[in-house]
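Fair warning: this is a prediction, and the values are worked out from it, not measured in the lab.
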Amino acid sequence: MASLRAIKTKIRSVTKTHQVTKAMEAVSGVKMRKAQMAALAARPYALAAFRILSRVASSIDIARHPLVTKREVKRVLMVVITSDKGLAGSLNGAVTRRAVSTLASRGIARENVGIIAIGRKGEEFFSRRGYLLEDRITKMGDESTLLDFGGIVSTVSDLFTREEYDECVVVYTNFQSTFAQEPVVRTLLPLSLEGLGEMVKGIAPVRGKFAETGETTEKLTHSADYLFEPSPEEVFAKLIPRLLAIEVYHAFLESKASEHSARMVAMRNASDKASEVEFLLTREYNKARQGAITREMSEIIGGMETMK
């Protein structure tokens, strides 16, 4: 049996770990709610952009635009969004596995794949495995705004327009509820109304406080005649970069909410385990202490009997 001092040192260590995990759980919970609120606050803007795109699409032939043109997919550009830090359970591993499995299921070889990594975990994963990194952003804070994604959108648009890649997809973790996050793959380019509509509808979580949103995209694709100034073509050209930025930005917010939720759950489990270990160690300490007292009492009684 371990000494009393060793057991007491372990108890003190576990207690400090418990305090840290409880604090991290509380911080992650606050950050998760902020990320959800940020996504929902920008949802009306995404709905308005989707509405304008559907109206422009009914006025002109958007299929001729270089960012809408569909080609035979031989090379794929992936925007992979992960976290910069660990302690989030299997969150990052699920995203990278989904990215690799998607490429494998479509028969896309590694040499025909380009990666734009948002987050240090994803950058490390793909660089170690020899993938071509077109761009990397290893630090994107919770306070990031829509404007911060202009550079990524410009890179994606240029690579697709120059036909270096035939398709661009974004891989991220979709926040469904506090205990459920799902890695998803959505197509960025070529741009489509269907893909954008799925993104907008997916902003609201399945369950929880923020599940109810009110407005949907179901009735936003009706056809009608509108007068555009200066012209539908110019409106469409200005709208596309903003729509792409909205898609990447919301994917980032979903990933952030999922990251903080996964970390909160992981820290809660760690806190529960620390409490259990602390209880077991305390019981072991009490047993060892009682054994030491019993042994001392036996020695005292034995000494008194010897002196008689």
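When all heavy atoms of Asn174 and Ser258 are compared, the pair lying nearest together is C-OG, 3.7 Å. Between Gly114 and Tyr165 the shortest heavy-atom distance is CA-OH, 3.3 Å. The two atoms that bring Pro190 and Asp166 nearest to each other are CD-O, 4.2 Å, heavy atoms only. Annotation for Val95 and Tyr172: closest pair CG2-C, 4.4 Å, computed over non-hydrogen atoms. Scanning both residues, Ala117 and Gly122, for their nearest heavy atoms gives CB-C, 4.2 Å.
Judged by distance alone, the side chains of Glu134 and Thr155 never bring a donor and an acceptor atom under 3.5 Å apart.
Under the 3.5 Å distance criterion, the side-chain polar atoms of Arg75 are matched with a main-chain donor or acceptor of Glu111. At distances below 3.5 Å, not a single donor-acceptor pair connects side-chain atoms of Glu254 with backbone N or O atoms of Thr173. Put simply, the side chain of Thr21 gets close to the backbone of Thr17: a donor and an acceptor are under 3.5 Å apart.
Under a cutoff of 6.0 Å and an axis angle of 45°, Arg71 and Phe160 form a cation-pi pair.
The side chain to side chain contact (heavy atoms under 4.5 Å, CB included) search around Ser83 returns Asn92, Lys121, Glu259, not counting sequence neighbours.
No more than 12 heavy atoms of other residues, nucleotides or ligands shown are found within 6.0 angstrom of CZ on Arg5. For Arg98, the CZ atom counts as densely surrounded, since its 6.0 Å shell holds more than 12 non-hydrogen atoms of other residues, nucleotides or ligands.
No single ILVMFWY cluster, assembled from side-chain heavy atoms under 4.5 Å apart, contains both Ile152 and Tyr131. Criterion: ILVMFWY side-chain heavy atoms under 4.5 Å apart, direct or through other members. Under it, Val14 and Leu280 are not part of a common hydrophobic cluster. By the rule that hydrophobic residues join a cluster once side-chain heavy atoms approach within less than 4.5 Å of another member, Val169 and Ile81 end up as members of separate clusters. Taking hydrophobic clusters as Ile, Leu, Val, Met, Phe, Trp and Tyr residues chained together by side-chain heavy-atom distances below 4.5 Å, Val171 does not share a cluster with Leu244.
Screening Val170, Leu103, Ile116, Val100 for a side chain to side chain contact (heavy atoms under 4.5 Å, CB included) with Met78, the sole residue that qualifies is Leu103.
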